[in-house]
Amino acid sequence: MVVWVFGYGSLIWKAGFNYDQRLVGFIKGYRRVFYQGSTDHRGTPEYPGRTVTLEPAEGEVCCGVAYKISTKEDEETALTHLEVREKQYDKKAYLDFFTETTATTPAVSGIMVYIASPDQKLNRNYLGPASIEDIAKQIIHAEGPSGPNRDYLFQLEKALLEMGCKDKHVMDLANEVRRIVSQGELTAS
């Protein structure tokens with residue numbers, strides 16, 4: 001049995017598991033947003049960082065990568081790894097993944113994706129929407145065991161651009177972080 005996993009955040013540049021194939025493409029009907037709090041990787045319980053999740057958005061596409069995992073051993077290892085890594089994401093969805101913008105048939109059907117829902121009863125780390133400036137300030141100050149939150153943002157921006165994907169939300173946020181830092185508007189925490 002083959003398992004496919006969709007990465008739209010740090011999974012794009014750091015899978016952390018063995019896979020047989022990596023495809024660049026997108027899912028439809030969702031957009032990437034920095035609305036999920038990270039208290040275990042890019043922040044702490046006292047000062048959460050922000051990472052991306054997906055929110056339904058009609059007519060939108062979210063680019064990312066699909067990982068094909070073919071062997072039972074690799075599947076078990078990957079899923080164990082992902083259950084720990086994505087533990088703050090409370091929902092899994094199985095979506096269609098496309099590699100061509102004009103395609104009407106998906107390249108992969110039923111690709112697994114982790115989503116952090118806005119239901120705070122199920123997802124206590126959901127932070128939700130805020131202004132670009134407020135999200136940027138939070139990202140500038142947050143740091144966790146996986147490093148500074150701003151590194152996550154900049155690595156995501158770089159990975160997306162290398163794939164030919166211009167994600168307005170990510171780019172606007174990265175530009176705001178750079179603007180604030182360059183102008184020295186915030187002191188180091």
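Keep in mind that what you see is a predicted model, and the values were worked out from it rather than measured. The analysis underlying the following values was restricted to heavy atoms, covering all of them including side chains, and did not include hydrogens, waters or symmetry mates.
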Do Asn125 and Asp40 come close enough that some side-chain heavy atom pair is under 4.5 Å? no
Between atom CZ of Phe154 and atom CG of Asp151, what is the distance when rounded to the nearest 0.5 Å? 8.0 Å
Between Glu55 and Arg31, does at least one N-O distance fall below 4.0 Å, as a salt bridge requires? yes
Are Lys166 and Met171 side-chain neighbours, meaning at least one heavy-atom pair lies under 4.5 Å? yes
For Val65 and Leu23: C-alpha separation, side-chain torsions, deciding distance, then whether side-chain contact (heavy atoms from CB on, under 4.5 Å) applies. CA-CA 5 Å; Val65 295; Leu23 299 175; over 6 Å; no
Steps toward side-chain contact (heavy atoms from CB on, under 4.5 Å) verdict (Leu95, Phe6): CA-CA 9 Å; Leu95 306 172; Phe6 180 65; over 6 Å; no
Going through the checks in order, is the side-chain contact (heavy atoms from CB on, under 4.5 Å) test met by Val24 and Thr99? CA-CA 6 Å; Val24 173; Thr99 55; over 6 Å; no
Could you tell me which non-hydrogen atom of Ile180 sits nearest to which non-hydrogen atom of Ala136, and how far apart they are? CD1-CB, 4.0 Å
Grab the two heavy atoms, one from Glu176 and one from Arg179, that are nearest each other, plus how far apart they are. OE2-NH2, 2.7 Å
Do Leu156 and Val52 come within less than 4.5 Å of each other through their side chains, counting heavy atoms only? yes
Would Ile111 end up clustered with Tyr94 when hydrophobic side chains under 4.5 Å apart are linked, directly or stepwise? yes
Mind telling me whether Tyr35 and His169 have parallel, tilted or perpendicular rings, with 30° and 60° as the class edges? perpendicular
With a 4.5 Å limit on heavy-atom distance, are the side chains of Leu173 and Leu153 in contact? yes
May I ask whether Leu160 and Val61 are part of the same hydrophobic cluster, defined by side-chain heavy atoms of I, L, V, M, F, W, Y residues being less than 4.5 angstrom apart, directly or through others? no
Minimum side-chain heavy-atom gap Thr53-Tyr89 below 4.5 Å: yes
What do the steps show when you test Gln120 against Arg124 for side-chain hydrogen bond (donor to acceptor under 3.5 Å, both in side chains), and what is the final call? CA-CA 5 Å; Gln120 292 192 312; Arg124 61 185 172 82; over 6 Å; no
What's the separation between atom CD in Glu75 and atom CD1 in Ile69, rounded to the nearest 0.5 Å? 7.0 Å
From Asn149 atom CG to His41 atom NE2, the distance as rounded to the nearest 0.5 Å: 12.0 Å
List the steps, then state whether side-chain contact (heavy atoms from CB on, under 4.5 Å) holds for Cys62 with Tyr8. CA-CA 7 Å; Cys62 177; Tyr8 59 92; 3.9 Å; yes
Count the heavy atoms belonging to other residues, nucleotides or ligands that lie under 6.0 Å from CD of Gln21, then report whether that count exceeds 12. yes
Less than 4.0 Å between a side-chain N and a carboxylate O, is that true for Lys168 and Glu60? no
Determine whether a donor-acceptor pair (N or O, by modelled atom type, separation under 3.5 Å) exists between the side chain of Asp20 and the backbone of Ser70. yes
Please tell me whether Leu82 and Leu54 are part of a single hydrophobic cluster in this structure, the criterion being side-chain heavy atoms less than 4.5 Å apart. yes
Between Arg32 and Asp167, is there a donor-acceptor pair closer than 3.5 Å when you use the side chain of the first and the backbone of the second? no
If hydrophobic clusters are built by linking Ile, Leu, Val, Met, Phe, Trp and Tyr wherever their side-chain heavy atoms come under 4.5 Å apart, do Val170 and Ile132 end up in the same one? yes
Ring-face cation of Lys91 near Tyr114 (centre distance under 6.0 Å, axis angle within 45°): no
Flag side-chain contact, heavy atom, 4.5 Å: Arg22 against Ile12: yes
Distance-minimising heavy-atom pair for Gly49 and Gln138: O-NE2, 4.3 Å
Minimal heavy-atom distance between Pro45 and Thr39, with the atoms involved, is CD-O, 3.6 Å
Do the rings of Tyr19 and Phe17 sit parallel, tilted or perpendicular, given the 30° and 60° boundaries? perpendicular
Minimum side-chain heavy-atom gap Pro106-Phe97 below 4.5 Å: no
Give the minimum heavy-atom separation between Pro145 and Gly43, together with the two atoms involved. CD-O, 3.9 Å
If you define the side chain from C-beta out and look only at heavy atoms, does anything of Ser10 sit under 4.5 Å from Tyr152? yes
Within the distance-only criterion (no hydrogens, no angle test), does the side chain of Asp74 pair as donor or acceptor with the backbone N or O of Asn18 below 3.5 angstrom? no
Look at the side chain of Arg85 and the backbone N and O of Thr80, then say whether any donor-acceptor pair between them is shorter than 3.5 Å. no
Minimum heavy-atom distance Ser38-Thr51, with the two atoms named: CB-CG2, 3.8 Å
Donor-acceptor pair, Gln36 side chain versus Gln88 backbone, under 3.5 Å? yes
For residues Val108 and Phe26: do they belong to one hydrophobic cluster (side chain heavy atoms under 4.5 Å, members Ile, Leu, Val, Met, Phe, Trp, Tyr)? no
Could you go through Lys158 and Glu162, starting from their C-alpha distance and side-chain angles, then the distance that decides it, and tell me whether this counts as salt bridge (Lys or Arg N to Asp or Glu O under 4.0 Å)? CA-CA 6 Å; Lys158 179 182 178 211; Glu162 285 173 354; 3.8 Å; yes
Lys137/Glu133 ion pair, N-O < 4.0 Å: yes
